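Computation of the quantities below employed the complete heavy-atom set of this structure, encompassing side-chain atoms and omitting hydrogens, waters and symmetry-equivalent molecules. Quick caveat: nothing in here was measured; it's all calculated off a predicted structure.
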Amino acid sequence: MRAHDSATAPNPIAVSTSPATTPRVRSGTVQAALGVIAFSLTFPATAWGLEGFGAWSLVAVRSVLAAVIAGGCLLALRVSVPSRRHWGGLAVVAAGVVVGFPLLTTLALQTSTTAHAAVVVGLLPLTTAALSALRTGIRPSRTFWTAALAGAGAVLAFTVQQSGGAVTTADLYLLAALLVCAAGYTEGGRLARVMPGWQVIAWALVLCLPLSVPAAAIALSYDTPHLTAHSVAGLLWVAAGSQFLGLVVWYRGMAAIGVPKASQLQLAQPLLTLVWSVLLLGEHLTVAAPLTAAAVLVCIAVTQRARS
């Protein structure tokens, strides 16, 4: 995790097929996939955390703990403060990934199952790819968009079937979370081309400390935690795993293979979360789940083969 580890090529690395870049593309795919695995545990861990914390205190405390870890890494490695031109992008990452997405999804999980939330958030890859195209000017191929839309359609059909066609307050929270998170991912992927991916999320977390510390103090004063093994484990995972380590490998992966392609790997995230919801929370799945899984996996294969 050194300051010169970042990808600095001006063109998306994922579009090159030269032998020199193949190992980096493979490494980027593996790192992005590890990020997806870490993120897939976020909703079950949040559900565990809500057993002992309120929504606001859980989000604030996780942000503070993640920032302490990130700040410790920055200090230990004596990382220089980013230049002024990067702070606007870091603020977008902070607002979308550090504050917006965790808060909105945690509020949604107070009334929604993790399985339902997972399939709604399955629309995140398409949202990220669309915002990335608008932000960067990169235009993925027609095949890419067709497969991405098909995957999103499968996820949407599953969601509608599960909710009986009604849009709930939790769904509105989740849809808003999609937009802010996609913006954070897009900006973070862009910044990860000029600084190491782990520094992107680390500085975003540190940037939020002036807000997260007083927010945690206020939330805890109104919401006395009931510490249990589940609530502590859930808090630690969303802070260290989801909020920092997962985003470290995720942004590094996006820098190597490009935001649109990396975002499509997240089509597998709701499927993994469904598995965790059964194994860790004892939730029951409908017959539609494996059908959606098969459709989504096909779409992932197509998008990864499509040329950007």
Residue pair [X] / [Y]: nearest heavy atoms and the distance that separates them:
| X | Y | value |
| --- | --- | --- |
| Ala216 | Val64 | CB-CG2, 4.1 Å |
| Phe101 | Cys181 | CD1-CB, 3.4 Å |
| Ala183 | Val92 | O-CG1, 3.8 Å |
| Cys73 | Trp198 | CB-CZ3, 3.7 Å |
| Leu90 | Leu191 | N-CD1, 3.7 Å |
| Trp203 | Ser80 | CZ2-O, 3.6 Å |

Hey, are the side chains of [X] and [Y] touching, using non-hydrogen atoms and a 4.5 Å cut-off?
| X | Y | result |
| --- | --- | --- |
| Thr168 | Thr111 | no |
| Asp171 | His116 | yes |
| Tyr185 | Val93 | no |

Spacing of [atom1] belonging to [X] relative to [atom2] belonging to [Y], to within rounding of 0.5 Å:
| X | Y | atom1 | atom2 | answer |
| --- | --- | --- | --- | --- |
| Thr114 | Phe43 | OG1 | CZ | 8.5 Å |
| Ile201 | Arg252 | CD1 | CZ | 14.5 Å |
| Gln269 | Ile37 | CD | CD1 | 10.5 Å |
| Leu34 | Phe39 | CG | CZ | 10.5 Å |
| Thr169 | Leu107 | OG1 | CG | 11.0 Å |
| Leu272 | Leu41 | CG | CG | 8.5 Å |

Same cluster (ILVMFWY, side-chain, under 4.5 Å), [X] and [Y]:
| X | Y | result |
| --- | --- | --- |
| Phe244 | Leu207 | yes |
| Val36 | Val25 | yes |
| Trp87 | Val97 | yes |
| Val180 | Leu175 | no |
| Leu247 | Val59 | no |

*Does the pair Thr105 and Thr46 meet the rule for a side-chain contact (heavy atoms from CB on, under 4.5 Å), with working shown?*
CA-CA 9 Å; Thr105 53; Thr46 299; 5.8 Å; no
_Non-neighbouring partners of Ala115 that pass side chain to side chain contact (heavy atoms under 4.5 Å, CB included), sequence neighbours left out_ =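 If we apply the side chain to side chain contact (heavy atoms under 4.5 Å, CB included) test to Ala115, skipping adjacent residues, the hits are Thr113, Leu274, Ser277, Glu283, Leu285.
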*Please list, chain by chain and in numerical order, all residues satisfying side chain to side chain contact (heavy atoms under 4.5 Å, CB included) with Ala239, sequence neighbours excluded.*
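Per chain and number, Ala239 pairs via side chain to side chain contact (heavy atoms under 4.5 Å, CB included) with Arg62, Leu65.
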*Classify the side-chain pair Ser27/Gln31 by whether it contains a donor and acceptor separated by less than 3.5 Å.*
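Short answer, yes.
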_Distance-only polar pair, side chains of Thr228 and Ser231, donor-acceptor under 3.5 Å_ =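 Indeed, the side chains of Thr228 and Ser231 share at least one donor-acceptor pair under 3.5 Å.
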If we ignore hydrogens and angles and just use 3.5 Å, is the side chain of [X] paired with the main-chain N or O of [Y] as donor and acceptor?
| X | Y | value |
| --- | --- | --- |
| Thr273 | Ser40 | yes |
| Thr146 | Arg142 | yes |
| Asp223 | Gly54 | yes |

*asked:* Between Trp56 and Tyr222, is the ring centroid distance below 6.0 Å?
replied: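 Between Tyr222 and Trp56, which both carry aromatic rings, the centre distance is not below 6.0 Å.
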*Going through the checks in order, is the side-chain contact (heavy atoms from CB on, under 4.5 Å) test met by Val238 and Gln243?*
CA-CA 6 Å; Val238 294; Gln243 194 79 77; over 6 Å; no
*Assess whether side-chain contact (heavy atoms from CB on, under 4.5 Å) is satisfied between Val99 and Ser63, documenting all intermediate values.*
CA-CA 8 Å; Val99 178; Ser63 180; 5.8 Å; no
*Show the numbers, then the answer: is there a side-chain contact (heavy atoms from CB on, under 4.5 Å) between Leu174 and Leu104?*
CA-CA 6 Å; Leu174 293 169; Leu104 291 167; over 6 Å; no
